[in-house]
J.: 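I'd like to ask some things about the structure below.
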Amino acid sequence: MGTEGYTYMGRSLTELRINDDSSSSAFSDCNSDRSGEFATASSQTRRFLIACATENSDDLIRQLVSDLHSSSIDYQKQAAMEIRLLAKNKPENRIKIAKAGAIKPLISLILSPDLQLQEYGVTAILNLSLCDENKEVIASSGAIKPLVRALGAGTPTAKENAACALLRLSQVEESKAAIGRSGAIPLLVSLLESGGFRAKKDASTALYSLCMVKENKIRAVKAGIMKVLVELMADFESNMVDKSAYVVSVLVAVAEARAALVEEGGVPVLVEIVEVGTQRQKEIVVVILLQVCEDSVAYRTMVAREGAIPPLVSLSQSGTNRAKQKAEKLIELLRQPRSGYGAVRTSEVVA
């Protein structure tokens with residue numbers, strides 16, 4: 001395509017060469033920026049923006065940040081959408097946009113009662129958070145609570161993108177506890193339970209990261225996460241077995257999570273995965289079972305009674321090296337004499 005000249009949103013634009021390939025560049029580890037490119041803008045406008053991202057972004061970025069402060073909601077929406085696209089297609093623009101002062105006004109948009117404006121603000125912040133240098137700035141600028149608010153009350157797209165943005169911010173260690181204290185955990189559990197497939201993936205990944213912190217593990221258990229995870233692991237058609245099992249593997253480091261796993265019927269589900277799951281699923285599940293059984297004779301008895309030993313023997317012979325080692329250790333635990341403990345009562349098993 002050649003050059004173009006026209007006026008857009010009051011700005012005169014001339015002699016910009018279009019690079020048609022830039023729109024295909026990868027932009028998100030979470031793959032969560034799924035908002036429509038521009039609901040009302042022409043493809044000519046979209047191509048113009050990609051061109052600006054390539055050749056003349058500095059002046060445009062300054063104007064867009066100014067427009068974020070406009071009293072016109074339409075100007076704010078358009079500016080947020082353009083910033084989102086600039087950050088999506090050109091990683092180097094993410095630092096430029098942040099340094100131009102876009103972060104705080106974008107956070108303000110997330111608090112807007114206009115749900116579309118809120119969604120655009122969330123999505124722009126998500127794309128800016130893909131730059132490691134921006135994560136701490138975004139968190140310290142007060143983004144966590146507004147993102148949690150959008151996670152609870154935004155559009156479906158805003159919820160998904162808020163979950164992914166919180167995941168990105170949680171990769172800064174100091175932010176994990178702050179995100180947990182902000183009320184994000186129950187909302188992520190709810191999204192994991194009732195969201196669409198992409199929402200479930202984003203929520204599970206965010207929970208996996210956040211639950212590296214002990215206090216967030218407890219919050220997740222109290223929010224009922226184990227029931228949701230057991231149901232997802234039991235549904236082989238959900239395509240969520242692996243992700244759910246990884247979240248469980250982090251949670252069972254605390255006794256409250258182990259008790260909840262057993263109480264929610266997790267042991268039969270885990271044993272079934274050892275029997276019929278993929279190699280990766282078997283490996284992560286045997287790690288979970290080992291954590292569950294190490295300090296509890298009651299749980300060992302329950303796992304053995306579910307028929308775990310034969311598939312574990314098979315896994316110890318044909319699994320991955322890590323799975324073989326863990327399976328052998330678990331078999332040894334399950335075969336230890338349990339004399340002196342007597343019959344295991346149901347109340348003991350779920351205590």
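For the numbers below, each heavy atom of this structure counts, side chains included, while hydrogens, waters and symmetry mates do not.
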J.: Taking side chain as C-beta onward, heavy atoms only, is L106 less than 4.5 Å from I110?
T.: no
J.: Is it the case that one hydrophobic cluster holds both L191 and L115, taking links as side-chain heavy atoms less than 4.5 Å apart, direct or via other members?
T.: no
J.: Would you say S140's side chain and E136's backbone share a donor-acceptor pair under 3.5 angstrom?
T.: yes
J.: Just wondering, do I225 and V247 contact through their side chains at under 4.5 Å, heavy atoms?
T.: yes
J.: So among N134, L126, I144, which one has a side-chain contact (heavy atoms from CB on, under 4.5 Å) with L169?
T.: I144
J.: Applying a strict under-4.5 Å side-chain criterion to I, L, V, M, F, W and Y, I'd like to know whether M212 and L229 cluster together.
T.: yes
J.: Would L60 and L86 count as a side chain to side chain contact (heavy atoms under 4.5 Å, CB included) here? Give the steps.
T.: CA-CA 10 Å; L60 176 62; L86 289 170; 3.9 Å; yes
J.: Among the clusters formed by ILVMFWY side chains lying less than 4.5 Å apart, do M302 and I309 turn up in the same one?
T.: yes
J.: Which pair of heavy atoms, one from G180 and one from I185, lies closest together, and at what distance?
T.: CA-CG1, 4.1 Å
J.: Using 0.5 Å steps for rounding, measure from the CG atom of L251 to the NZ atom of K214.
T.: 13.0 Å
J.: Counting distance only, does the side-chain N/O of Q76 pair as donor-acceptor with the main-chain N or O of S70 below 3.5 Å?
T.: yes
J.: Side chains of L312 and V274, heavy atoms from C-beta outward: is any pair under 4.5 Å?
T.: yes
J.: Between R335 and E332, does at least one N-O distance fall below 4.0 Å, as a salt bridge requires?
T.: no
J.: Mind checking the SG-CG spacing from C164 to D202? Nearest 0.5 Å is all I need.
T.: 5.0 Å
J.: Answer with yes or no whether the hydrophobic clustering places V221 together with I179; edges join I, L, V, M, F, W, Y residues whose side-chain heavy atoms lie under 4.5 Å apart.
T.: no
J.: Determine whether the side chains of E119 and T155 contain a donor N or O and an acceptor N or O closer than 3.5 Å.
T.: yes
J.: Would you say CD of Q279 has more than 12 non-hydrogen atoms from neighbouring residues, nucleotides or ligands within 6.0 angstrom?
T.: yes
J.: Distance-only, no hydrogens or angles: does the S108 side chain make a donor-acceptor pair with backbone N or O of K104 under 3.5 Å?
T.: yes
J.: Answer yes when K77 and D114 have at least one side-chain N-carboxylate O distance shorter than 4.0 Å, and no when they do not.
T.: yes
J.: Carefully, step by step, assess F236 and E272 under the rule side chain to side chain contact (heavy atoms under 4.5 Å, CB included).
T.: CA-CA 11 Å; F236 284 87; E272 182 182 13; 4.1 Å; yes
J.: If I compare all heavy atoms of K217 with all of C211, which pair ends up nearest, and what's the gap?
T.: NZ-O, 2.7 Å
J.: Any ion pair linking E215 and R219 (charged N to carboxylate O, less than 4.0 Å)?
T.: yes
J.: Output, in order, the C-alpha distance, side-chain angles, deciding distance and verdict of side chain to side chain contact (heavy atoms under 4.5 Å, CB included) for I83 and I61.
T.: CA-CA 7 Å; I83 285 173; I61 287 169; over 6 Å; no
J.: Just by distance, no angles: are the side chains of R258 and Q291 close enough, under 3.5 Å, to form a donor-acceptor pair?
T.: no
J.: I need the T320 OG1 to K326 NZ distance, nearest 0.5 Å.
T.: 11.0 Å
J.: Would you compute the distance between atom CD1 of I95 and atom CG of L128 and round it to the nearest 0.5 angstrom?
T.: 10.5 Å
J.: Consider side-chain hydrogen bond (donor to acceptor under 3.5 Å, both in side chains). Of S175, S170, S204, which one does S209 pass it with?
T.: S170
J.: Can you tell whether the side chains of E294 and K329 come within less than 4.0 Å, N to carboxylate O?
T.: yes
J.: With a 4.5 Å limit on heavy-atom distance, are the side chains of L109 and I125 in contact?
T.: no
J.: Side chain to side chain contact (heavy atoms under 4.5 Å, CB included), that's the test. Do L192 and L188 meet it? Break it down for me.
T.: CA-CA 6 Å; L192 179 64; L188 286 167; over 6 Å; no
J.: So which atom in A79 and which in D67 form the shortest heavy-atom distance, rounded to 0.1 Å?
T.: CB-CB, 3.6 Å
J.: Measuring from N161:CG to R84:CZ, what's the distance to the nearest 0.5 Å?
T.: 8.5 Å
J.: Below 4.5 Å, heavy atoms only, C-beta onward: do L315 and K324 meet side chain to side chain?
T.: no
J.: Is there side-chain contact between V189 and E193, with at least one heavy-atom pair below 4.5 Å?
T.: no
J.: Of all heavy-atom pairs between A165 and S129, which one has the smallest distance, and what is that distance?
T.: CA-OG, 4.3 Å
J.: Is there side-chain contact between V248 and M226, with at least one heavy-atom pair below 4.5 Å?
T.: yes
J.: Do V148 and L187 have side-chain heavy atoms sitting under 4.5 Å apart?
T.: yes
J.: Would you kindly confirm whether L261 and V250 end up in one hydrophobic cluster when ILVMFWY residues are joined by side chain heavy atoms under 4.5 Å apart?
T.: yes
J.: If you round to the nearest 0.5 Å, how far is CD of E82 from CG of L68?
T.: 10.0 Å
J.: Between R168 and L130, is there a donor-acceptor pair closer than 3.5 Å when you use the side chain of the first and the backbone of the second?
T.: yes
J.: Salt bridge check: are E283 and R322 linked by an N-O gap of less than 4.0 Å?
T.: yes
J.: Of V286, V276, I273, which is the lone residue that meets side-chain contact (heavy atoms from CB on, under 4.5 Å) with Q281?
T.: I273
J.: Under 3.5 Å, is there a donor-acceptor pair between the side chain of S238 and the main chain of D235?
T.: yes
J.: Of the non-hydrogen atoms in G195 and K200, which two are nearest, and what is the gap between them?
T.: O-CE, 3.2 Å
J.: Check V230 against E264 and note the closest heavy-atom contact, atom names and distance.
T.: CG1-O, 3.7 Å
J.: Inspect the contact between K96 and E92 and indicate whether a charged nitrogen and a carboxylate oxygen are less than 4.0 angstrom apart.
T.: no
